[in-house]
There are 2 protein chains.
Amino acid sequence: MFSKACEYGIRAAVYIALQSLDGRRVSVTEIAEEIDSPVAFTAKILQQLTRNNIVHSVKGPTGGFEIEREDMDTVNLSMIVKAIDGDKIYVGCGLGLKECNASKPCPLHDKFVDIRNDLSTMLKSTSLYELATGLEVGLTYLKR
Amino acid sequence: MFSKACEYGIRAAVYIALQSLDGRRVSVTEIAEEIDSPVAFTAKILQQLTRNNIVHSVKGPTGGFEIEREDMDTVNLSMIVKAIDGDKIYVGCGLGLKECNASKPCPLHDKFVDIRNDLSTMLKSTSLYELATGLEVGLTYLKR
DNA sequence: CTAATAAAGGACATTTTTGTCCTATTTATA
DNA sequence: TATAAATAGGACAAAAATGTCCTTTATTAG
């Protein structure tokens, strides 16, 4: 469904949000440890998230990654997925045709569009804040 | 969503079904041409479909690939996807956790399960026959 | 029986994704 | 101001997915 990079990206963003709720800025090392991901690769992905204004980074000692409280409401999964995997998941044909639309559909077009709309709606309506608070309460996990 | 191999596999199976409705057995060369896919790679994928009894192959002159009329009703997309991509699409965690289930869910677990159930249901309930007849009537396309 | 045709399958090549390592830049603090 | 801590970013490495080529095997028809 999502690329590995995107999976790590979402997990990282959720972890950063969780810590930011406590006013803590976190380093790549800590993030990678807490979400069980390769450090250097995670650093790359965080660069993308930073460039896309999904998380905020601060260099130097006491630096690290954080997310403003307001941004946790604004930023949803759809934005993270788009920043890392692009929009192929929303746009492409399920069977890989270059041109596939309502007027010249592939055999799976209609059914695929339904599923994808559901996915898209779900991603758009799921905010970082929602995911972070689930974690905070101990209902969900980012490791194992 | 699906791998390239799986996309080609589905398109190939649908094309074979369509031709089998006319009693025609088709070669890899023809299939690749008609679904716009790389020949040799398509041949590999057809081997997998054959081993999984999704299509039937016949060697030698007048040989090629075909699907029995009854099998078109039995074989659904879920079986093709499983034969080529395995069951990761049904089983894996959306955020890539090794262990993720109702009792120790990732932050996306519940929402992801919903989408995936829809996808799974759709794939299971879509037969090759249904897809092939859509093509036959000229409602859908396998190229472009 | 022989020649030709088609799938099966193994080995290899290319491309993309995933992952690592090292250096540069920024910045807080002693 | 010097040092150390942190991200940024480029170059490289490994693994997986995609794709190609060639040989073997089965089968049909002359």
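Just so it is clear: chains get the letters A, B, ... in the order the sequence lines come, proteins before strands, and each one is counted from 1.
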| Nearest-neighbour nucleotide for the Pro61(B) side chain, dA6(D), dG19(D), dT27(D) considered | dT27(D)
| field | Rounded interatomic separation in angstrom, taking CD1 from Ile45(A) and P from dA8(D) | value | 13 Å
| query | Arg11(B) CZ to dT18(D) P: how many Å, rounded? | reply | 13 Å
| said: Can you measure Gln47(A) atom CD to dT25(C) atom C1' for me and round it to whole angstrom units? | reply: 12 Å
| Quick one: Gln48(A) CD to dT18(C) C1', roughly how many Å, whole number? | 12 Å
| note | When rounded to whole Å, the CZ to P distance for the pair Arg25(A) and dT7(D) reads 10 Å
| query | Can you tell me if Ser127(B) and Asp73(B) form a side-chain donor-acceptor pair at under 3.5 Å? | reply | no
| remark: Which of dA7(C), dG9(D), dT7(D) is nearest the side chain of Lys59(B)? It is dA7(C)
| message | Does either side chain, that of Asn76(A) or that of Thr126(A), offer a donor lying less than 3.5 Å from an acceptor on the other one? | response | no
| query | How long is the line joining CG of Asn53(B) and P of dA8(C), in whole Å? | reply | 12 Å
| Ser27(A) side chain, from C-beta outward: closest of dT20(C), dT27(D), dA6(D) | dA6(D)
| note | Winner on side-chain proximity to Thr62(B), out of dA7(C), dA29(D), dT7(D), is dA29(D)
| field | Tyr141(A) side chain to Glu99(B) side chain, donor-acceptor N/O pair below 3.5 angstrom | value | no
| Of the nucleotides dT20(D), dT25(C), dT18(C), which has the atom closest to the Lys44(B) side chain? | dT20(D)
| field | Minimal non-hydrogen separation, Met72(B) against Ile67(B), with atom names | value | CE-O, 3.5 Å
| task | Assign Arg51(B) to base, sugar-phosphate, or nothing according to its heavy-atom contacts below 4.0 angstrom with the strands shown. | result | sugar-phosphate
| said: Output the rounded distance in Å from CG (Asp36(B)) to C1' (dT18(D)). | reply: 15 Å
| said: Any base atoms under 4.0 Å from Thr29(B), or only sugar-phosphate, or nothing? Heavy atoms, all strands. | reply: nothing
| field | Phosphate-side-chain proximity, Tyr8(A) and dG19(C), N/O vs OP1/OP2 below 4.0 Å | value | yes
| query | Is the distance from OP1 or OP2 of dA8(C) to the nearest side-chain N or O of Ser57(B) less than 4.0 Å? | reply | yes
| Check ion pair Glu30(A)-Arg25(A) (N to O, under 4.0 angstrom) | no
| request: For Val26(A), report the nucleic acid contact type (base, sugar-phosphate, nothing); a contact means any heavy atom under 4.0 Å. | output: sugar-phosphate
| request: Rounded off to whole Å, could you give me the CZ-to-C1' distance for the Phe41(A) and dG10(D) pair? | output: 16 Å
| task | Specify the residue among Ala43(B) and Pro38(A) whose closest nucleotide of DNA chain C lies further upstream toward the 5′ end. | result | Ala43(B)
| query | Which one, dG19(D), dG9(D), dG9(C), comes nearest to the side chain of Lys4(B)? | reply | dG19(D)
| remark: On DNA chain D, more 5' by nearest nucleotide between Gly63(B) and Asp85(B) is Asp85(B)
| query | Do Lys124(B) and Ser120(B) get their side chains close enough for a donor-acceptor pair, meaning under 3.5 Å? | reply | yes
| remark: Against the side chain of Thr50(A), the closest entry in dC21(C), dA8(D), dA7(C) is dA8(D)
